[in-house]
S.K.: 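Okay, here's the structure, questions in a sec.
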Amino acid sequence: MDAVVIATYGIVGMVSAAAGFFLCRSQESKKLKNASNDAGKIISNAEKEAENLRRAAQLESRDAALKARNEFERKMRGAKKDLMRSERRLQQRANNIDRKFDQIEQREKEFNQKEKELGVQTEKAQESENRYRKLVLEEQQNLERISSMTSEEAKNELKEQLLAATRNENAIMMKKLEDEAVRDANMKAQKIIGLSIQRCAADTVAEATVSVVALSGDEMKGRIIGREGRNIKALEMATGVDLIIDDTPEAVILSSFDPVKREVARISLERLVTDGRIHPARIEDVVKKVKKEMERNIKDEGERAAMEVGCDGVHPELTRLLGSLKYRTSYSQNVLLHSKEVAYLCGMMAAELGLDQRMARRAGLLHDIGKAATHEVEGKHSQIGMDLARRYKEKPLVVNAIGAHHEDIEAESTIAILVAASDALSASRPGARTEMLENYVKRLRGLEKIGNSFDGVEKTFAIQAGREIRVTVLPEMVNDSLTHLLAKDIAKKIEAELAYPGEIKVTVIRETRVTEVAR
């Protein structure tokens with residue numbers, strides 16, 4: 001029984017194994033068949049895509065070939081058109097050349113004909129010239145025989161007569177030309193000056209030589225004076241300015257010929273009065289601070305003035321001196337404003353005359369630079385300005401213009417003359433320079449009185465607004481050696497008795513005239 005069961009199980013197992021084997025084979029054959037079908041489909045699709053790509057490539061190549069052919073045909077048509085135009089131009093040129101050749105041949109024929117005619121006329125002219133020379137020779141011989149003069153003598157006499165007549169005519173012509181030149185020059189100069197004045201419309205502001213500081217009350221005067229006058233003494237020593245405290249209500253007057261010191265004193269006093277603390281130590285501290293501020297302001301003003309008139313490269317020391325001119329006046333005219341106005345006028349007139357405008361403005365701006373140092377250096381401001389400009393490497397043209405603007409030296413350029421003219425124009429503007437008539441006349445009379453107080457003086461003349469006096473002496477009372485002593489004595493007496501800014505030139509003139517009458 002066990003054997004049968006085992007056999008049965010064995011047969012069942014074999015059958016199962018056989019069934020499983022056949023089943024697997026069946027499934028594998030199905031999969032293989034499906035894979036074959038799929039592969040066929042993929043191949044078919046690939047062949048279709050390849051065919052499509054081939055057709056697309058053929059179409060693109062056909063389109064590119066067609067485009068290239070069209071482009072080539074278009075270029076060929078353009079080239080043909082250009083070639084046809086070139087052929088037409090060449091044909092026209094050939095026709096023009098043919099016409100010119102025909103014209104040249106025609107002109108050559110005409111020239112040959114005229115040459116032949118000219119040859120005939122030349123022969124006739126030669127014959128006429130020979131006859132003329134023969135006649136002239138005969139007439140010359142007849143004239144020599146009649147006048148008893150040779151041809152050379154007649155030529156010399158004729159030359160002398162012509163030369164005398166020519167000289168007379170030249171003299172008349174030169175006089176006429178000179179008159180016309182002077183008239184035209186005057187008209188042109190007036191036009192240039194008029195245009196320059198119109199274009200340079202500057203305001204004029206009169207300034208005084210004293211400053212007034214307003215006070216809140218008269219009790220402040222006592223605080224400014226201080227105990228036993230120590231405050232006012234400290235302020236005068238620190239600033240170098242005289243303080244005048246009089247009966248003028250609520251005001252203190254500052255007096256000094258140095259405008260910078262006067263401005264420092266004014267600002268310092270105003271700050272002290274505003275602060276209320278007035279004592280020597282405080283005064284010295286405030287004055288030092290104001291002086292530093294003033295130095296900065298002076299430098300800024302100088303740089304601003306140089307920039308406004310277009311002057312670059314000015315030495316820093318000259319710039320500082322230029323800025324200090326803001327606080328300097330000449331007969332109440334602000335010197336810095338005057339210098340800028342002279343620079344503008346010089347530049348405008350130089351432009352009208354075709355000269356260097358920048359150099360003209362530079363010379364005009366620096367022409368009064370010596371006035372910034374007249375309180376420290378003796379001499380005329382023109383000479384001081386020349387020395388300063390030469391020291392700080394200004395060009396010789398500018399140096400000469402500074403020295404020549406008051407005719408102290410000879411002008412060496414047209415720009416120097418323009419500076420002198422512009423200086424006179426700026427100073428002569430209505431309202432530019434004003435001074436109290438009473439003080440002005442008093443100073444002139446004082447100068448003339450001092451000159452007339454010496455023995456041997458005939459007359460004294462105060463000129464140049466009191467900057468110079470000329471003394472004429474009696475030659476029988478004052479000899480040549482005494483004139484030098486007289487000039488020194490007059491100068492010393494002026495220094496002792498008068499107060500004035502700058503300097504005053506004293507000139508003593510001794511002249512002897514002898515007159516006789518011939519009868």
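Model, not experiment: these values are computed from the prediction. This chain uses plain numbering: 1 for the first residue, then up along the sequence.
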S.K.: Any side-chain heavy atom of C346 within less than 4.5 Å of one from I415?
M.R.: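 No, their side chains stay 4.5 Å or more apart.
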S.K.: Could you check R358 against D312 for side chain to side chain contact (heavy atoms under 4.5 Å, CB included), going step by step and ending with a plain yes or no?
M.R.: CA-CA 9 Å; R358 295 176 64 86; D312 52 357; 3.1 Å; yes
S.K.: Measuring from R304:CZ to N297:CG, what's the distance to the nearest 0.5 Å?
M.R.: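 R304 atom CZ to N297 atom CG measures 8.5 Å (nearest 0.5 Å).
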S.K.: Give the minimum heavy-atom separation between V287 and T239, together with the two atoms involved.
M.R.: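 Nearest heavy atoms, V287 then T239: CG2-CG2, 3.9 Å.
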S.K.: Quick one, I469 and I494 - any side-chain contact, counting heavy atoms below 4.5 Å?
M.R.: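 Yes, at least one pair of side-chain atoms sits under 4.5 Å.
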S.K.: Would you indicate whether the side-chain heavy atoms of L318 and E394 approach each other to under 4.5 Å?
M.R.: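 When only atoms from C-beta onward are counted, L318 and E394 do touch, with a gap below 4.5 Å.
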S.K.: Distance from M307 atom CE to D300 atom CG, nearest 0.5 Å?
M.R.: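 Here the interatomic distance stands at 10.5 Å.
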S.K.: Take R266 and E263, measure what salt bridge (Lys or Arg N to Asp or Glu O under 4.0 Å) needs, and give me the verdict at the end.
M.R.: CA-CA 5 Å; R266 184 187 67 81; E263 184 67 12; 2.5 Å; yes
S.K.: Walk me through it: do D368 and S339 pass the test side chain to side chain donor-acceptor pair (under 3.5 Å)?
M.R.: CA-CA 7 Å; D368 269 348; S339 298; 4.9 Å; no
S.K.: Of all heavy-atom pairs between S422 and L345, which one has the smallest distance, and what is that distance?
M.R.: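 Of all heavy-atom pairs spanning S422 and L345, the closest is OG-CB, 3.6 Å.
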S.K.: Is a side-chain donor or acceptor of R470 paired with a backbone partner of T507 at a separation under 3.5 angstrom?
M.R.: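 No; judged by distance alone, with no hydrogens or angles, the pair does not exist.
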S.K.: Please report the shortest heavy-atom distance between A389 and I402, naming the atom on each side.
M.R.: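 A389 and I402 have their closest heavy atoms at CB-CD1, 3.7 Å.
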S.K.: Would you say the side chain of R390 lies within less than 4.5 Å of the side chain of M386, judging by non-hydrogen atoms?
M.R.: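 Sidechains of R390 and M386: in contact.
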S.K.: Can you tell me how far CE of M477 sits from CZ of R510, rounded to the nearest 0.5 angstrom?
M.R.: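 Interatomic distance, R510 CZ to M477 CE, rounded to 0.5 Å: 12.0 Å.
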S.K.: For the atom pair CG (N334) and NZ (K340), what is the distance rounded to the nearest 0.5 Å?
M.R.: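 Reported value, rounded in 0.5 Å steps: 8.5 Å.
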S.K.: Does the side chain of H405 come under 3.5 Å of the side chain of H381 through a donor N or O and an acceptor N or O?
M.R.: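 A donor-acceptor contact under 3.5 Å links the two side chains.
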S.K.: Has D285 got a side-chain atom pairing as donor or acceptor with A281's backbone, closer than 3.5 angstrom?
M.R.: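 No, because the side chain of D285 does not come within donor-acceptor range (under 3.5 Å) of the backbone of A281.
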S.K.: Heavy-atom distance under 4.5 Å between the side chains of Y344 and E308, does that happen here?
M.R.: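 Yes, side chains in contact.
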S.K.: Assess whether salt bridge (Lys or Arg N to Asp or Glu O under 4.0 Å) is satisfied between K288 and E293, documenting all intermediate values.
M.R.: CA-CA 9 Å; K288 286 181 181 179; E293 293 177 4; over 6 Å; no
S.K.: Can you measure from CG (L322) to CG (L365) and round to the nearest 0.5 angstrom?
M.R.: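 The CG atom of L365 is 4.5 Å from CG of L322, to the nearest 0.5 Å.
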S.K.: Using a 4.5 Å cut-off on heavy atoms from C-beta on, say whether the side chain of V508 contacts that of T472.
M.R.: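 T472 vs V508: side chains apart.
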S.K.: Restricting to non-hydrogen atoms, name the atom on T460 and the atom on G451 that form the minimum distance, rounded to 0.1 Å.
M.R.: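 Looks like OG1-C, 3.4 Å.
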S.K.: Under a 3.5 Å cutoff, is there a donor and acceptor pairing between the side chains of H367 and H406?
M.R.: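 Per modelled atom types, H367 and H406 side chains form no pair under 3.5 Å.
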S.K.: Counting C-beta onward and ignoring hydrogens, is there a side-chain heavy-atom pair between V457 and L486 closer than 4.5 Å?
M.R.: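 Yes, close enough: below the 4.5 Å cut-off.
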S.K.: Take R282 and V286, measure what side chain to side chain contact (heavy atoms under 4.5 Å, CB included) needs, and give me the verdict at the end.
M.R.: CA-CA 6 Å; R282 177 64 178 167; V286 171; 3.6 Å; yes
S.K.: Does E295 form a side chain to side chain contact (heavy atoms under 4.5 Å, CB included) with K299? I'd like the steps, not just the answer.
M.R.: CA-CA 6 Å; E295 285 294 327; K299 183 179 179 182; over 6 Å; no
S.K.: I'd like to know if the side chain of R361 reaches the main chain of C311, judged simply by a donor and an acceptor atom lying under 3.5 Å from each other, with no hydrogens or angles considered.
M.R.: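 Side chain of R361 to backbone of C311, a donor-acceptor pair under 3.5 Å: no, none is there.
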S.K.: May I ask you to check whether over 12 heavy atoms, not counting those of K233, lie within 6.0 Å of atom NZ?
M.R.: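 For K233, atom NZ is not crowded (no more than 12 foreign heavy atoms under 6.0 Å).
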S.K.: Between N400 (side chain) and E410 (backbone), is there a donor-acceptor pair under 3.5 Å?
M.R.: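 Yes, N400 side chain to E410 backbone: donor-acceptor pair under 3.5 Å.
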S.K.: To the nearest 0.5 Å, what is the distance between CD1 on I504 and CG on L447?
M.R.: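 Interatomic distance, I504 CD1 to L447 CG, rounded to 0.5 Å: 4.5 Å.
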S.K.: Set out, in order, the CA-CA distance, both residues' side-chain angles and the distance that settles side chain to side chain donor-acceptor pair (under 3.5 Å) for S268 and K291, then state yes or no.
M.R.: CA-CA 9 Å; S268 301; K291 284 182 177 179; over 6 Å; no
S.K.: Check A416 against A411 and note the closest heavy-atom contact, atom names and distance.
M.R.: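 Heavy-atom minimum between the residues: CB-CB, 3.8 Å.
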S.K.: For K326 and E301: C-alpha separation, side-chain torsions, deciding distance, then whether side chain to side chain contact (heavy atoms under 4.5 Å, CB included) applies.
M.R.: CA-CA 8 Å; K326 178 183 178 181; E301 287 294 336; 3.1 Å; yes
S.K.: Nearest heavy-atom pair of V309 and A343: which atoms, and what distance?
M.R.: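 Scanning both residues, the minimum pair turns out to be CG1-CB, 3.9 Å.
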S.K.: Does any non-hydrogen side-chain atom of L272 lie less than 4.5 Å from one of I283?
M.R.: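 Yes; the side chains approach each other to less than 4.5 Å.
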